[in-house]
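For reference, the structure is listed below as structure tokens.
Below, read A as the first sequence line, B as the second, and so on, with proteins coming before strands; counting in each chain starts at 1.
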Protein chains: 2
Amino acid sequence: MPALPRPKHRPLRRPPPKPYHHGDLRRVLVDAALQLAERGGAAAVSVREAARRAGVSPGAPFRHFESRDALMTAVAEEAQRRFRAEIETALSEVPADQPLRRFRNFGLAYLRWAIRNPAYFEIISSGRYFDHDGAGELSRDNAELIAMSERMLAEALAQGALRTGELKPVLIAGRALVYGFARMNIDGHFRRWGVVKAETERTAEAILDLFIEGIAKRPPAAAG
Amino acid sequence: MPALPRPKHRPLRRPPPKPYHHGDLRRVLVDAALQLAERGGAAAVSVREAARRAGVSPGAPFRHFESRDALMTAVAEEAQRRFRAEIETALSEVPADQPLRRFRNFGLAYLRWAIRNPAYFEIISSGRYFDHDGAGELSRDNAELIAMSERMLAEALAQGALRTGELKPVLIAGRALVYGFARMNIDGHFRRWGVVKAETERTAEAILDLFIEGIAKRPPAAAG
DNA sequence: TGTGAATGTAAGCACCGATTACACTAATTG
DNA sequence: CAATTAGTGTAATCGGTGCTTACATTCACA
């Protein structure tokens with residue numbers, strides 16, 4: 001049965017149930033947007049629904065985000081922050097003089113994060129929210145991560161650990177491999193033969209190792 | 001493209017400026033949807049705009065497609081048809097007893113087609129239009145293409161041309177690599193350092209060769 | 001204490017997907 | 001050759017969306 005309409009008189013000396021000012025609307029909207037993305041993909045995020053969940057009028061979000069894209073950009077920034085933190089934690093576990101092992105940890109952290117945070121990853125990777133006004137930081141941060149991976153492989157090459165002289169194809173192939181796997185996971189290419197997350201992560205590790213074995217110099221034992 | 005000024009199927013004396021029946025609305029709608037996708041990505045496709053371009057009322061398309069997704073599925077089917085034709089042409093150029101060369105041609109045709117038909121590829125790959133009612137054929141066709149690539153690599157393995165015993169990681173890595181590159185192209189990861197299509201295709205070829213070299217058995221000269 | 005900036009609401013715009021009732025045409029059939 | 005019927009278009013309408021404008025309320029600070 002429907003709840004009886006409450007008396008309109010404000011409760012005496014009690015904090016009004018709905019203060020005019022929300023207090024932390026921006027934060028709540030970003031969180032709501034993420035929740036919506038987790039449920040139905042980035043395309044299912046709507047400003048109005050986020051406002052609804054925040055218990056606020058449909059126009060209110062536009063005080064904090066000039067457009068839906070701006071909201072999504074904020075989500076992407078939050079995602080990028082967490083992503084980068086995860087990557088740096090993973091890299092801190094390997095000494096700097098082992099570039100190939102660092103590269104492996106980098107890739108593994110990338111894949112794991114993408115698998116465990118598909119909504120975040122979708123929003124980051126779609127690339128739609130990098131070209132807007134406030135997204136300069138996002139692009140720069142992303143470029144830094146790429147540059148880090150480039151440095152690792154350059155060092156590995158300098159140490160003679162790679163079997164190729166040309167670095168550029170290796171870099172792009174590495175990015176494509178890892179990005180492709182993460183996106184296949186998001187785009188439902190694995191749903192068909194129902195994969196659990198743990199198994200997906202093991203597969204991710206396997207293809208990463210395959211790639212590294214492919215670009216690394218073979219153990220000299222075989223070379224006589 | 002040459003605009004269709006008027007439908008030709010009413011060869012009566014004076015074709016009225018707007019015959020009540022369009023004649024080939026379904027086809028025109030699919031074409032319009034593709035055009036829209038080419039302009040602003042798959043998300044920019046709207047049934048109403050397609051109807052507008054077909055010179056027809058907003059409700060008309062729903063006589064041919066029960067939903068927007070159904071329209072997109074039709075586009076995906078058309079895309080899949082063309083994609084598969086291209087692949088099979090490419091495969092017909094290599095004899096069946098050279099599985100690794102066939103695999104290379106497969107990958108190359110895949111990448112080239114994805115680069116030259118980004119809108120089609122986005123719609124196919126998004127995976128959103130595979131689970132609907134009429135999409136059984138689409139899924140099946142796609143599964144067949146995957147099975148083909150699997151057979152090629154299995155043959156290569158049987159011939160002793162691969163350096164790994166485990167096929168599954170190689171298969172997934174190959175798919176991820178190629179899919180990842182194609183999607184990076186679509187998602188704008190290459191736009192930043194402005195790449196021409198021809199250059200993109202050369203890069204695609206390079207990473208494909210890198211991958212094949214990585215999984216293939218090294219020439220025994222080095223192992224002696 | 002007063003005043004402007006910040007941040008909410010209310011109302012309304014255009015566009016969208018989708019449905020329904022109705023109009024017109026083409027094809028089948030008696 | 002009519003007459004019916006199935007197919008395909010229009011018109012009007014609904015609820016949802018992004019976004020804007022005008023107005024209301026509250027906060028922060030001079």
Side-chain angles (χ1 to χ4, degrees), chain A residues 8 10 15-30 32-33 35-37 39-75 123 128-129 132-134, chain B residues 4 6-30 32-33 35-37 39-75 123 128-129 132-134:
Chain A
K8 301 268 191 205
R10 298 178 47 191
K18 242 194 177 182
Y20 191 92
H21 280 74
H22 183 287
D24 199 8
L25 184 54
R26 186 186 170 95
R27 178 47 139 228
V28 170
L29 288 172
V30 171
Q35 278 185 299
L36 293 172
R39 243 195 114 281
V45 177
S46 90
V47 179
R48 286 179 110 96
E49 180 62 27
R52 221 168 281 131
R53 298 198 174 198
V56 99
S57 78
F62 292 90
R63 292 285 176 202
H64 300 270
F65 305 100
E66 67 172 355
S67 69
R68 180 185 180 278
D69 271 13
L71 170 60
M72 297 305 276
T73 299
V75 179
I123 292 172
R128 231 175 292 174
Y129 313 113
H132 265 266
D133 290 343
Chain B
L4 313 170
R6 60 197 56 221
K8 323 182 66 169
H9 9 63
R10 301 290 300 132
L12 280 175
R13 321 175 141 227
R14 284 168 295 125
K18 243 196 175 182
Y20 191 91
H21 281 74
H22 183 286
D24 199 9
L25 184 53
R26 187 186 169 96
R27 183 27 138 245
V28 171
L29 287 172
V30 171
Q35 279 184 298
L36 292 172
R39 244 195 113 283
V45 176
S46 91
V47 180
R48 287 179 109 94
E49 180 62 27
R52 220 168 283 131
R53 298 197 174 199
V56 100
S57 78
F62 292 90
R63 291 285 177 199
H64 301 270
F65 305 99
E66 68 173 354
S67 68
R68 178 186 182 278
D69 271 13
L71 170 60
M72 296 305 276
T73 299
V75 180
I123 293 172
R128 230 176 291 175
Y129 313 114
H132 266 266
D133 292 341

Whole-Å distance separating the [atom1] atom of [X] from the [atom2] atom of [N]:
X: B:Arg52; N: D:dG9; atom1: CZ; atom2: C1'; answer: 17 Å
X: B:Phe62; N: D:dG7; atom1: CZ; atom2: C1'; answer: 18 Å
X: B:Leu36; N: C:dC15; atom1: CG; atom2: C1'; answer: 14 Å
X: A:His64; N: C:dG8; atom1: NE2; atom2: C1'; answer: 8 Å
X: B:Glu66; N: C:dA18; atom1: CD; atom2: P; answer: 9 Å
X: B:Arg27; N: D:dT8; atom1: CZ; atom2: P; answer: 16 Å
X: A:Arg63; N: C:dA5; atom1: CZ; atom2: P; answer: 13 Å
X: B:Arg68; N: C:dT19; atom1: CZ; atom2: P; answer: 15 Å

**OP:** Just compare C:dT9, C:dA18, D:dC19 and give me whichever is closest to any side-chain atom of A:Ala60.
**Re:** C:dT9
Taking the side chain as C-beta and beyond, is there a heavy-atom pair between [X] and [Y] under 4.5 Å?
X: B:Leu36; Y: B:Arg53; answer: yes
X: B:Phe65; Y: B:Thr73; answer: no
X: B:Met72; Y: B:Arg128; answer: no

Original post:
Quick one: on DNA chain D, does B:Leu25 or B:Arg48 contact a more 5' nucleotide (nearest heavy atom)?
Top reply: B:Leu25
Original post:
Contact class for A:Ser46 vs. all strands (heavy atom < 4.0 Å): base, sugar-phosphate, or nothing?
Top reply: sugar-phosphate
Original post:
Has the side chain of A:Arg39 got a donor or acceptor atom that lies under 3.5 Å from a matching backbone atom of A:Ala44?
Top reply: no
